[in-house]
Amino acid sequence: MVPIPKKYMLTFREAASYFNIGIKNMRRLCESNEGDFSIRWGNKYLICRQRLEEYLNQLMIRERNQNDVGLEENHGVN
């Protein structure tokens, strides 16, 4: 068995477990595929672990920037 951190492609369950995301949310992410990290192989999705990591990091940075802007607007900081 190859440990999950060393795998290139993950299943729903592996990705959900590794990233601590629910299976339903993982399925939604793969179906929308905004980060271009999943492929449909037959009747299942395979998730590129490295690309999903990059996509989640981008989401965190975007969320942090939006929160910073919101704090500045609420406190009158320019």
Side-chain angles (χ1 to χ4, degrees):
M1 288 301 281
V2 177
I4 290 176
K6 293 189 177 190
K7 284 187 172 184
Y8 184 73
M9 301 297 278
L10 305 174
T11 65
F12 273 136
R13 293 188 190 280
E14 290 172 333
S17 174
Y18 183 72
F19 291 104
N20 198 25
I21 298 173
I23 292 175
K24 287 182 182 180
N25 285 329
M26 185 59 64
R27 181 178 300 275
R28 287 184 193 127
L29 283 171
C30 289
E31 288 173 352
S32 68
N33 201 19
E34 290 178 18
D36 202 26
F37 55 82
S38 67
I39 59 170
R40 188 162 181 158
W41 195 262
N43 62 348
K44 67 179 181 178
Y45 285 96
L46 293 175
I47 300 155
C48 179
R49 183 187 50 79
Q50 293 170 331
R51 286 186 180 181
L52 181 55
E53 285 177 0
E54 291 169 5
Y55 176 68
L56 292 175
N57 284 332
Q58 289 173 358
L59 286 179
M60 288 187 335
I61 291 168
R62 190 179 327 152
E63 182 70 24
R64 186 179 326 131
N65 290 340
Q66 287 176 353
N67 287 339
D68 290 345
V69 168
L71 288 174
E72 290 173 0
E73 290 174 354
N74 289 335
H75 295 294
V77 176
N78 291 328

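As the structure is a computational prediction, the values presented were derived from the model and not from experiment.
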Report all side-chain donor-acceptor pairs from residues 21-29 shorter than 3.5 Å, counting only partners two or more places apart or in another chain.
unit_1: N25; atom_1: OD1; unit_2: R28; atom_2: NH1; d: 3.0

### Stepwise side chain to side chain contact (heavy atoms under 4.5 Å, CB included) test for N57 and E54
CA-CA 5 Å; N57 284 332; E54 291 169 5; 5.6 Å; no
Between R51 (side chain only) and S38 (backbone N and O only), is there a donor and an acceptor less than 3.5 Å apart? no
Query raised in the report: Are L46 and Y8 connected in a single hydrophobic cluster, I mean Ile/Leu/Val/Met/Phe/Trp/Tyr linked by side-chain heavy atoms less than 4.5 Å apart?
Result: yes
Verify same cluster id: I4, M9 (apolar side-chain graph, 4.5 Å)
no
To the nearest 0.5 Å, atom OH of Y55 lies from atom CG of N33 at 9.0 Å
Distance col, row F19:CZ vs L56:CG, nearest 0.5 angstrom, shows 6.0 Å
On a heavy-atom basis, the closest approach of Y18 and E53 is OH-OE2, 3.3 Å
Here the pair of heavy atoms bringing K7 nearest to V2 is CE-O, 3.5 Å
Closest heavy-atom pair, C30 versus F12, reported as atoms and distance to 0.1 Å, is SG-CE2, 3.7 Å
Contacts of S17 meeting side-chain contact (heavy atoms from CB on, under 4.5 Å) (sequence neighbours excluded), chain-then-number -> none
Scanning both residues in full, the closest heavy-atom pair of R40 with G42 reads NE-O, 3.4 Å
Side-chain contact test, heavy atoms from C-beta onward, threshold under 4.5 Å: evaluate it for E14 versus I47 and give yes or no.
no
